[in-house]
Amino acid sequence: MSTESSYVDSLYRDHSRRVQATLIRLLGDFELAEEAMQDAFVAAVQQWPVNGKPDNPTAWLIRTGYHCGIDQIRQRSTARRRAHLLLPTELLPAEETLDLEPTTIADDALRLLFTCCHPSLSMEARIALTLREMCGLTTEQVASALLMKPTTLAQRIVRAKRKIRDAHIPYAVPTQEELPEHLPDVLQVIYLVFNEGYSRSTGASVVDISLTQEAMRLGNELARLLPQGEVFGLMALMLLNDARREARQDSDGELVTLDAQDRRLWRQEDIQVGIAWLEQALALTPAGYYTLQASIAAVHAQASRAEQTDWGRIVRLYDALCRRFPSPVLALNRAVAIAMNGAPDTGLKLLDDIAHHPQISRYHLFHAAKADLLRRQGQHKAARSAYQQALLLVTLDPEKRFLNRRLAELENSP
Amino acid sequence: MKYVALVYYQEQIINAMSEQAWQDLNQECIAGVERLSVSGHYLGGQPLQPTETATTVRVRDGETLISDGPFAETKEQLAGFYLLEAHDLNEALQLASRIPPARLGSIEVRPVRELPPKAEPQKESGEQP
């Protein structure tokens, strides 16, 4: 009996998301599918100890959940405000004709991911829905990972689910022709989840959910279901960045820049895995946004000392990125790379060229980058004023302390 | 699935247009409606006269109040609407992106709301079967 129920526990852990993803497709409604999935597991706990466990537990849970969902639709009175928006049961597939082929069920996870990452939802809702529905985190876990109040988050999720249903956001895997338009939406959400965790790996480590791990798990699953070059590129980028995690702060928790990091702390196994992903990505030309970014991360990862960094290659990669995905932030990074590649004056001039851009003039890293180049050039007075400008704009404490340290070093020098 | 695409732009941008540019835009809209009709996505729609022609009506405590101007002063003004038939939001967004004023202002895409079924008339309390 108790082994049966612990079996159901592990089944819940392993299959509840898949069962739910399929029930959303079959019933056409997130909330209804979640209730139906819960009902199916309750039925399993009651029936399996008596009747024995079915040959295909997932299919059994889906069929039972579907049956419960149809009952729910029939029971809901029309007085409920939105009851008429549910699909009428006549339009739902008959229970005997349900498509429960393993490939269809696997694709349901993809359908769910594309729906959760739909650009018509707010970015906050996309991230929250993806963590909750795809990663199986509870609302409380997602709220704590995103530093939000659970009630606020719950409301956002409810609103997003209603919009998915009422505005008919599709629950579908894009066709091969639609992929270039829609895949970036999904990759962007996964990368934001990763960065949300990565930028927070300092300090407030009260959170027991690792967003970086969740993002990489999602990326892995996506790579299995949708083996596209950019998915591999994103996996490579996340692994190569994450490999440097322990070196990004010193024992006092202070920020350490790339050139000053102790490279022995970089996790070589992750770098190797990241480079393997990158090679897979590069085999599928043309290299996209994440693949190019990962290529840059790989150049850093492969330099055993900062002075050995192949800046020429980094400049060429930024050239390609800026040509295909022009943005002021990439132009900033390209200018820094050019300066580091032995042309500091050109780099500084390129920085001046973009200084007036509204997205750049208020970006603390622009002023910090400029200050750093001026400092390397020995132009201490100009460097100081750029650091001061950066300090006016910076928000995160570790970065603020870093800039203050650099400024203090310059105050003490002639 | 029906969607309404509400077309908004700053009327001052339109007012500042040359006569030729304005005529071209209109012709482009006519061609767009033709395309949408042929493909079966166009259910209806209409461009609107500028907001200076708008009058707002409210009824409060049974009294009708009439005032000059649009319901709300906004940066962009409602300039017209399309009623579209689309399979899902992706298709509706794709159709909306081809509405010419999308380049000048913005198109708000909203699913129409289906009303609940008409309520059955209440039976008289004294009625016997």
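- The environment of Arg110(B) atom CZ is sparse: at most 12 non-hydrogen atoms of other residues, nucleotides or ligands sit within 6.0 angstrom.
- Remark: Arg98(B) CZ is packed, more than 12 non-hydrogen atoms of other residues, nucleotides or ligands lying under 6.0 Å away.
- Going from atom CG of Leu89(B) over to atom OG of Ser120(A) covers 5.0 Å, rounded to the nearest 0.5 Å.
- Once rounded to the nearest 0.5 Å, the distance linking CD of Glu114(B) with CG of Asp166(A) reads 11.0 Å.
- Around the CZ atom of Phe325(A), the shell of radius 6.0 Å holds more than 12 heavy atoms that belong to other residues, nucleotides or ligands.
- Between His87(B) and His168(A) the shortest heavy-atom distance is O-ND1, 3.9 Å.
- Annotation for Ala167(A) and Pro111(B): closest pair CA-CG, 3.5 Å, computed over non-hydrogen atoms.
- His118(A) NE2 to Asn90(B) CG: the interatomic distance, rounded to the nearest 0.5 Å, is 3.5 Å.
- For NE2 of His67(A), the number of neighbouring non-hydrogen atoms (other residues, nucleotides, ligands) closer than 6.0 Å is 12 at most.
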